[in-house]
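Structure, as structure tokens:
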2 protein chains.
Amino acid sequence: MSRVTLRDIAERASVSINTVSRALNDKSGVSEETRKRIVEIADELGYMQNLVAKGLVTQSTNVIGVVVSDNVNPYFSEVIQGISLVTQARGLTQLLVNTWYSRSAEREAVNLLVQHRVDGLILFPIDWSQVDDYLRYRIPMVCVGAIPPCSEEKPMDMVAPDDFGGTTEAVEYLVRSGRKRIAYCGPGEESISGVHRLHGYERAMKAAGLEPIFIRMEAITFDAYRFGLTSSDFKDIDAVFAFNDMIAIGLLRAFGERGIAVPEDIALVGYDDIQLARYLTPALTTVRIPKEELGREAASLLIQRMGGDFSQPSVTRLLPTELIVRETT
Amino acid sequence: MSRVTLRDIAERASVSINTVSRALNDKSGVSEETRKRIVEIADELGYMQNLVAKGLVTQSTNVIGVVVSDNVNPYFSEVIQGISLVTQARGLTQLLVNTWYSRSAEREAVNLLVQHRVDGLILFPIDWSQVDDYLRYRIPMVCVGAIPPCSEEKPMDMVAPDDFGGTTEAVEYLVRSGRKRIAYCGPGEESISGVHRLHGYERAMKAAGLEPIFIRMEAITFDAYRFGLTSSDFKDIDAVFAFNDMIAIGLLRAFGERGIAVPEDIALVGYDDIQLARYLTPALTTVRIPKEELGREAASLLIQRMGGDFSQPSVTRLLPTELIVRETT
DNA sequence: TCCGTCAACATTAACGTTAACGTTAATTTC
DNA sequence: GAAATTAACGTTAACGTTAATGTTGACGGA
């Protein structure tokens with residue numbers, strides 16, 4: 001199963017390997033006549049460029065690594081889509097690794113990708129505890145989905161939704177609609193994207209003179225349903241601000257089964273605006289994250305960084321969110 | 001930014017490159033003492049194995065290529081998850097490429113992956129027109145999600161849901177519930193997975209003495225909503241069998257807005273059983289495809305094939321589907 | 001005519017590994 | 001105590017490219 005190499009073509013064409021290389025790469029120094037002949041032979045033999053060898057000599061693989069927690073989560077997959085749009089247009093391929101929300105898996109994933117000599121890395125970090133370590137790999141890297149607390153600035157490029165603004169807008173809207181007992185449902189400070197949403201929520205609540213109510217959820221998936229079915233936390237609540245749409249959808253279903261009317265008894269706001277949200281009944285009010293743009297922006301930033309200016313100051317791009325009012329509020 | 005190589009370690013340890021290689025790869029021929037010393041130096045220098053170079057010499061990259069139409073589609077992403085589960089446990093990484101349902105993009109994707117010298121390829125083909133061409137790459141390959149019509153057997157491994165059985169079960173169930181005007185909503189013969197579902201549907205309808213009604217959908221996404229809102233095709237229908245859950249969900253929403261009651265006026269059956277399906281209200285009756293298992297099976301098959309037995313006869317694995325009755329029927 | 005230029009090639013040396021094969025010295029075997 | 005074995009290395013040659021540097025011979029200008 002050994003493949004055709006430049007050498008095979010060279011022998012067949014009675015030229016040097018180098019000439020074949022130049023011919024196939026459209027470089028100068030080959031007469032049009034021989035180039036044609038070489039291309040013909042290459043086609044005939046079914047030559048396929050060996051990017052591994054090329055990568056070794058050029059020190060560049062044209063591959064970027066993407067590390068996400070879970071590609072099934074629509075948030076991740078939609079951002080990945082945005083990344084793909086940019087990278088594929090540039091002839092880059094993505095090496096995708098799932099970490100299943102495991103810190104050690106993230107570490108191993110980054111390691112593996114560096115070993116594969118990816119030209120750049122897009123990371124959806126689980127938390128900030130390890131990210132500093134990755135810096136010593138000195139590889140172009142963009143973090144997506146979270147910005148660190150002001151206290152610990154990171155010297156790397158970052159793209160994230162404006163979670164603070166998003167939560168504030170949502171909570172203010174709920175307050176304006178007359179809701180008083182507005183709970184935050186989701187993971188706590190341990191979640192890298194949760195922390196800003198949670199803080200934004202708390203601040204907005206205080207600003208409105210209301211008392212924050214934190215309902216902790218372990219999972220950030222539809223599993224919220226099970227919690228929602230049995231928990232007594234929702235007794236005195238008239239609005240729920242969920243960490244993401246999946247949690248909101250799980251709760252929506254649970255509320256339905258418990259006879260809690262949405263939005264009459266409890267108003268429900270999600271986060272992300274996954275594609276599905278608008279097709280639910282009732283359609284989900286949610287804070288839209290420009291996911292595709294997030295991905296495109298991350299990819300663009302990375303490509304720029306890969307372009308060489310490694311010493312440039314790192315940039316942080318905060319993309320605006322948008323409250324999409326539908327039928328659950 | 002040039003990285004530490006075996007050579008650097010060798011010089012520092014005053015041994016040959018080969019010894020370093022053996023030491024770090026836990027091969028025999030190195031004393032425990034020197035091995036320790038070498039590992040220490042490697043750590044100190046921050047050595048990271050260069051898998052590109054290794055791949056060149058070993059002729060194996062430990063990377064498999066995955067070609068899907070659209071990683072945002074939950075069907076694809078859940079199967080990908082299954083693949084990841086198996087491959088990551090085996091130390092394999094996936095090079096993921098989206099084709100956005102484009103034939104030419106699929107072609108280019110496969111080309112690119114072969115050029116990257118992936119050890120194997122998992123392909124979710126768009127149709128069968130090009131797949132034969134890929135065979136000449138002589139690379140371990142598994143096709144997922146579709147089996148060709150009996151007339152054209154393919155000499156390659158395949159994993160697919162038993163679409164024929166799935167549709168039959170669903171239609172028979174609808175018939176048993178007294179539905180008479182059961183429409184099939186989805187793409188037609190041009191869809192590689194649609195063709196078996198459509199045929200299964202037609203056969204089951206005829207077997208029940210009912211007339212097949214085919215409502216053609218361009219998109220296989222939530223966009224079905226727009227079609228459902230305006231189309232007059234649903235006037236005399238009392239059940240809809242949708243090509244997949246996304247179409248079903250789009251229609252569900254559209255029916256709701258048009259005042260068509262589900263399941264009273266129209267029963268609705270989806271296909272795939274994406275995670276979300278059970279959390280809808282009403283929860284979606286659907287034909288479950290064992291997506292994760294599909295992925296795991298494909299990966300296992302591929303790994304087996306990569307193991308060497310390239311001449312073994314190709315296997316086709318048909319995984320059973322299951323009708324999940326919920327609230328839309 | 002002689003030198004310089006240039007196009008069209010060939011030659012050689014990398015890139016960072018692994019693997020086959022040598023070499024040495026110590027240890028075992030009878 | 002000589003031969004055989006073995007552990008612990010070193011040497012060399014790949015793997016398939018690209019890139020820097022040579023080498024021709026033809027051509028043009030003075």
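Quick note on labels: first sequence line is chain A, next is B, and so on, each numbered from 1.
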> What integer distance in Å separates A:E32:CD from C:dA8:C1'?
Replying inline: 13 Å
>> Without decimals, in angstroms, what is the distance between B:D8 CG and C:dG16 P?
In response: 8 Å
> Is the shortest side-chain N/O distance from A:S21 to OP1 or OP2 of D:dT17 below 4.0 Å?
Replying inline: no
> What's the CG-P distance between B:N62 and C:dT17, to the nearest Å?
Replying inline: 16 Å
> Which of the following nucleotides, D:dG16, C:dT18, C:dC9, is nearest to the side chain of A:T19?
Replying inline: C:dC9
> B:Y47 has an atom OH; how far is it from atom P of C:dG16, in whole Å?
Replying inline: 10 Å
> When rounded to the nearest 0.5 angstrom, what is the spacing between CZ in B:R7 and CZ in B:R12?
Replying inline: 15.5 Å
>> Judged by each residue's nearest nucleotide on DNA chain D, which is more toward the 5′ side, A:V57 or B:S16?
In response: B:S16
>> Judged by each residue's nearest nucleotide on DNA chain D, which is more toward the 5′ side, B:V15 or B:R117?
In response: B:V15
>> Please report the interatomic distance CG(A:L51) to CZ(B:R117), rounded to the nearest 0.5 Å.
In response: 7.5 Å
> For the side chain of A:N18 and the base of D:dT18, is some donor closer than 3.5 Å to an acceptor across the two?
Replying inline: no
> Choosing from D:dG16, C:dG16, D:dT21, which nucleotide comes nearest the side chain of A:R22?
Replying inline: D:dT21
>> By the 4.0 Å heavy-atom rule, please label B:R7 as base, sugar-phosphate, or nothing.
In response: nothing
> Do any side-chain nitrogens or oxygens of A:Q59 fall under 4.0 Å of OP1 or OP2 in C:dG16?
Replying inline: yes
>> Looking at D:dC9, I'd like to know if its phosphate oxygens (OP1 or OP2) sit under 4.0 Å from a side-chain N or O belonging to B:S31.
In response: yes
>> For a quick check of understanding: with a heavy-atom distance under 4.0 Å over all strands, which category does A:T34 fall into, base, sugar-phosphate or nothing?
In response: sugar-phosphate
> Looking only at side chains, do A:S60 and A:T58 share a donor and an acceptor under 3.5 Å apart?
Replying inline: no
> Would you say the side-chain atoms of B:N111 and B:Y137 include a donor-acceptor pair closer than 3.5 Å?
Replying inline: yes
> How many Å lie between CD1 on B:I17 and C1' on C:dA19, as a whole number?
Replying inline: 14 Å
> Within less than 4.0 Å of OP1 or OP2 of C:dG16, is there a side-chain N or O belonging to B:T5?
Replying inline: no
> In whole Å, what is the span from the CD atom of B:Q115 to the P atom of D:dG16?
Replying inline: 15 Å
> Within the pair A:K27 and D:dA19, is there a side-chain N or O less than 4.0 Å away from OP1 or OP2?
Replying inline: yes
> How many Å lie between NE2 on A:H116 and P on C:dG16, as a whole number?
Replying inline: 17 Å
> CG/B:D157 to CG/B:L301 distance, rounded to the nearest 0.5 angstrom?
Replying inline: 4.5 Å
> B:L56 CG to C:dA19 C1': how many Å, rounded?
Replying inline: 14 Å
>> Over all strands shown, is A:S60 touching base, sugar-phosphate only, or nothing at heavy-atom distances under 4.0 angstrom?
In response: nothing
> So, A:T19 versus A:S16: side-chain donor-acceptor pair below 3.5 Å or not?
Replying inline: yes
>> Let's see if you can work this out: which of D:dT11, D:dT17, D:dC9 has an atom nearest to the side-chain heavy atoms of A:K54?
In response: D:dT17
